[in-house]
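Have a look at the structure below before the remarks.
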Amino acid sequence: MEDFTALPDLASRAFGGGVVYANDEFFAAADHLVLPSEPGHAPKTFDHKGQVYDGWETRRRRSPGHDFAIVRLGAPGVIHGVDIDTAFFTGNYPPHASIEAAVLSGYPGPAELAEAAWVEILRVSELKGDSSNLFPITDARRFTHVRLNIYPDGGVARLRVHGEVVPDPKLLPKVFDVAAAEFGGRVVDCSNMFYGHPQRMLMPGLAQNMGDGWETSRRRDTANDWVLVQLAAPAKLRFADLDTSHFKGNAPGWAGLTGITAEGDQVELLPKTALRPDTPHRFSLLKGPQVTHARLDVFPDGGMARLRLHGRADRDQLWARMRQCLEP
């Protein structure tokens, strides 16, 4: 059941997700729900509304009904599971919750959100306080928004919406970063991730520090470390960004890139090339056929902050994936 937690958090602020409406946030703002950081807590820290919480907390209801918050997914896609995290909420967490989802184009306001065709993807389910509450989702449709309902009131620290990114091809340029997590690129295998998960290399924006990237342990043999990326769609790759920012005494000495075709053939895209510490590198790649995966080899080990692979994606494949998840 927990396998879905390895998938990207579609609701994360890191992708541009946001809370677009909440019916009540008296004690703590609903914006906390989509923060990529882990929730924290400082006991006996009070402001004019009471204990300060790193989460969303509503007032105690004195009338029938329930509270809810609507989240715009930063990366629309197919939801495989959710985590309703009640970390640090003990005597004030909601005992039950449900989740609905919808598909909305553009940038809808409160009136359009209220009239949307919401689909229940998680029926009313029991929650535990101060816990990560994991629920698998089986609806295979693509969604752009989710609505978290809590019964009847209380506090939730984070809402993680794990799933498969399915971008709208109409909103993508002809050439884009086909390895980017926000467009559906994802790591499917790697040799080592002792200090940092390689999926971090595919996240938007610049790395904030050395912990915001992929870093392996020190090798004590004659082999090298590597990571395999499944592209958002089959593509002809043209440029690569290999960013070693923040990695100084632990940057790889060299790196190379290999493309893998749908037939399993390997194509050299970047021969073994020297890298510099704490440096964004941009390389023109050798022209080759359309590939579905790319393998980054680092020699012999070390850390990489970001990996960008710019190419011309197969539009037919993008549209096929989009159509596949439009209907139940």
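Model, not experiment: these values are computed from the prediction. Only this structure's heavy atoms are used, side chains among them; waters, hydrogens and symmetry mates stay out.
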* Determine yes or no for a side-chain-to-main-chain donor-acceptor pair under 3.5 angstrom, with Thr58 supplying the side chain and Gly154 the backbone. => yes
* Side-chain heavy atoms of Pro152 within contact of Pro95, under 4.5 Å -> yes
* Can you find a pair of side-chain heavy atoms, one from Phe4 and one from Glu164, that are under 4.5 Å apart? -> no
* **Interatomic distance, Leu122 atom CG to Asp139 atom CG [nearest 0.5 angstrom]** => 11.5 Å
* Determine whether more than 12 heavy atoms belonging to other residues, nucleotides or ligands lie under 6.0 Å from atom NZ of Lys128. => no
* To do: Indicate the atoms forming the closest heavy-atom contact of Trp56 with Leu148, along with that distance.
  => CZ3-CD2, 4.0 Å
* Asked: What distance separates Asp153 CG from Phe26 CZ, expressed to the nearest 0.5 Å?
  -> 13.0 Å
* Test salt bridge (charged side-chain N to carboxylate O under 4.0 Å, His left out) applied to Arg306 and Asp241, step by step -> CA-CA 7 Å; Arg306 290 291 185 268; Asp241 292 327; over 6 Å; no
* Locate the shortest heavy-atom distance separating Ser125 from Phe135; write the atom from each residue and the value. => CB-CE2, 3.7 Å
* Is there a donor-acceptor pair closer than 3.5 Å between any side-chain N or O of Gln199 and the backbone N or O of Val187? -> yes
* Asked: Mind checking whether Thr45 and Gln51 have side chains closer than 4.5 Å, heavy atoms only?
  -> yes
* Note, Asn149 side chain near Phe68 side chain (heavy atom, < 4.5 Å) -> yes
* Asked: So, does Arg147 use its side chain to make a donor-acceptor pair with the main chain of Trp118 at under 3.5 Å?
  -> no
* Asked: Which heavy atom of Val34 sits nearest a heavy atom of Gly18, and at what distance?
  -> CG2-CA, 4.2 Å
* Inspect the surroundings of CH2 in Trp254 and state if more than 12 heavy atoms from other residues, nucleotides or ligands are less than 6.0 Å away. => no
* Asked: With a cut-off of 6.0 Å (strictly less than), are more than 12 heavy atoms of other residues, nucleotides or ligands near CZ of Phe46?
  -> yes
* **Verify same cluster id: Leu159, Leu127 (apolar side-chain graph, 4.5 Å)** => yes
* Asked: Parallel under 30°, tilted from 30 to 60°, perpendicular over 60°: which one fits the rings of Phe183 and Phe176?
  -> perpendicular
* Asked: Does atom NZ of Lys49 have more than 12 heavy-atom neighbours from other groups under 6.0 Å away?
  -> yes
* Hey, mind stepping through Asp54 and Arg158 against salt bridge (charged side-chain N to carboxylate O under 4.0 Å, His left out) and telling me if it holds? -> CA-CA 9 Å; Asp54 182 11; Arg158 297 288 189 270; 2.9 Å; yes
* Kindly determine whether Asp83 and Ser132 satisfy side chain to side chain donor-acceptor pair (under 3.5 Å), including the steps that lead there. => CA-CA 6 Å; Asp83 181 2; Ser132 177; 2.7 Å; yes
* To do: Taking atom CG of Leu286 as the centre, report whether more than 12 heavy atoms of other residues, nucleotides or ligands fall under 6.0 Å from it.
  => yes
* To do: Apply side-chain contact (heavy atoms from CB on, under 4.5 Å) to Asp177 and Glu182, showing your working.
  => CA-CA 9 Å; Asp177 179 8; Glu182 61 186 311; over 6 Å; no
* **Short side-chain to backbone donor-acceptor contact, Thr144 and Pro76, under 3.5 Å** => no
* To do: Test side-chain contact (heavy atoms from CB on, under 4.5 Å) on Met193 and Val227 and set out the steps.
  => CA-CA 9 Å; Met193 52 181 179; Val227 63; over 6 Å; no
* Would you kindly say whether Tyr151 and Ser98 are connected by a side-chain donor-acceptor distance under 3.5 Å? => yes
* Distance from Met201 atom CE to Asp212 atom CG, nearest 0.5 Å? -> 11.5 Å
* **Side-chain heavy-atom pair Gln324, Val78 within 4.5 angstrom cut-off** => no
* To do: Would you check if the side chain of Asp297 reaches a backbone N or O of Gly256 as a donor-acceptor pair within less than 3.5 Å?
  => no
* Asked: Of the non-hydrogen atoms in Leu104 and Ala116, which two are nearest, and what is the gap between them?
  -> CD2-CB, 3.8 Å
* Would you check if the side chain of Arg72 reaches a backbone N or O of Gly16 as a donor-acceptor pair within less than 3.5 Å? => yes
* At their closest point, which heavy atom of Leu318 faces which heavy atom of Ala232, and how far apart are they? -> CD2-O, 4.2 Å
* Indicate yes or no: at least one non-hydrogen side-chain atom of Val161 is less than 4.5 angstrom from one of Val71. => no
* Asked: Is there a chain of hydrophobic side chains (I, L, V, M, F, W, Y, each step under 4.5 Å between heavy atoms) that links Leu275 to Leu257?
  -> yes
* **From CZ (Arg276) to CG (Asp278), nearest 0.5 Å** => 10.5 Å
* Side chains of Asp130 and Thr90: do they bring a donor and an acceptor to under 3.5 Å? -> no
* Minimum side-chain heavy-atom gap Met210-Asn250 below 4.5 Å -> yes
* Would you say Leu242 and Val229 are hydrophobically clustered, going by side-chain heavy atoms of ILVMFWY under 4.5 Å? -> yes
* Separation between NE2 of His293 and CG of Leu309, rounded to the nearest 0.5 Å -> 12.5 Å
* Closest heavy-atom contact between His66 and Asn23? -> O-ND2, 3.8 Å
* Side chains of Gln230 and Thr292: does their closest heavy-atom pair fall under 4.5 Å? -> no
* Can you tell me if Asn192 and Ser217 form a side-chain donor-acceptor pair at under 3.5 Å? -> yes
* To do: Step through the shown structure and confirm whether more than 12 heavy atoms of other residues, nucleotides or ligands are within 6.0 Å of CD on Glu120.
  => yes
* Do Arg160 and Asp9 pass the salt bridge (charged side-chain N to carboxylate O under 4.0 Å, His left out) test, and can you show the C-alpha distance, the side-chain angles, and the key distance before you say yes or no? -> CA-CA 6 Å; Arg160 309 295 191 197; Asp9 176 9; 3.6 Å; yes
* Under 3.5 Å, side chain of His80 to main-chain N/O of Gly163, donor-acceptor pair present? -> no
* Determine whether Leu202 and Leu270 fall in the same hydrophobic cluster, where Ile, Leu, Val, Met, Phe, Trp and Tyr are linked whenever their side-chain heavy atoms lie under 4.5 Å apart. => yes
* Asked: More than 12 foreign heavy atoms under 6.0 Å from OH of Tyr195: is that the case here?
  -> no
* **Heavy-atom donor-acceptor pair, Arg315 side chain to Pro169 backbone, under 3.5 Å** => yes
* Asked: Got a donor-acceptor contact below 3.5 angstrom from the Thr244 side chain to the Met304 backbone?
  -> no
* **Nearest-0.5 Å distance that lies between atom OH in Tyr53 and atom CG in Asn92** => 4.0 Å
* Asked: Should Val165 and Val103 be regarded as members of a common hydrophobic cluster, given that ILVMFWY residues are connected when their side-chain heavy atoms come within less than 4.5 Å of each other, either directly or indirectly?
  -> yes
* Classify the side-chain pair Ser245/Asp243 by whether it contains a donor and acceptor separated by less than 3.5 Å. => yes
* **Any donor-acceptor pair under 3.5 Å from His310 side chain to Arg308 backbone** => no
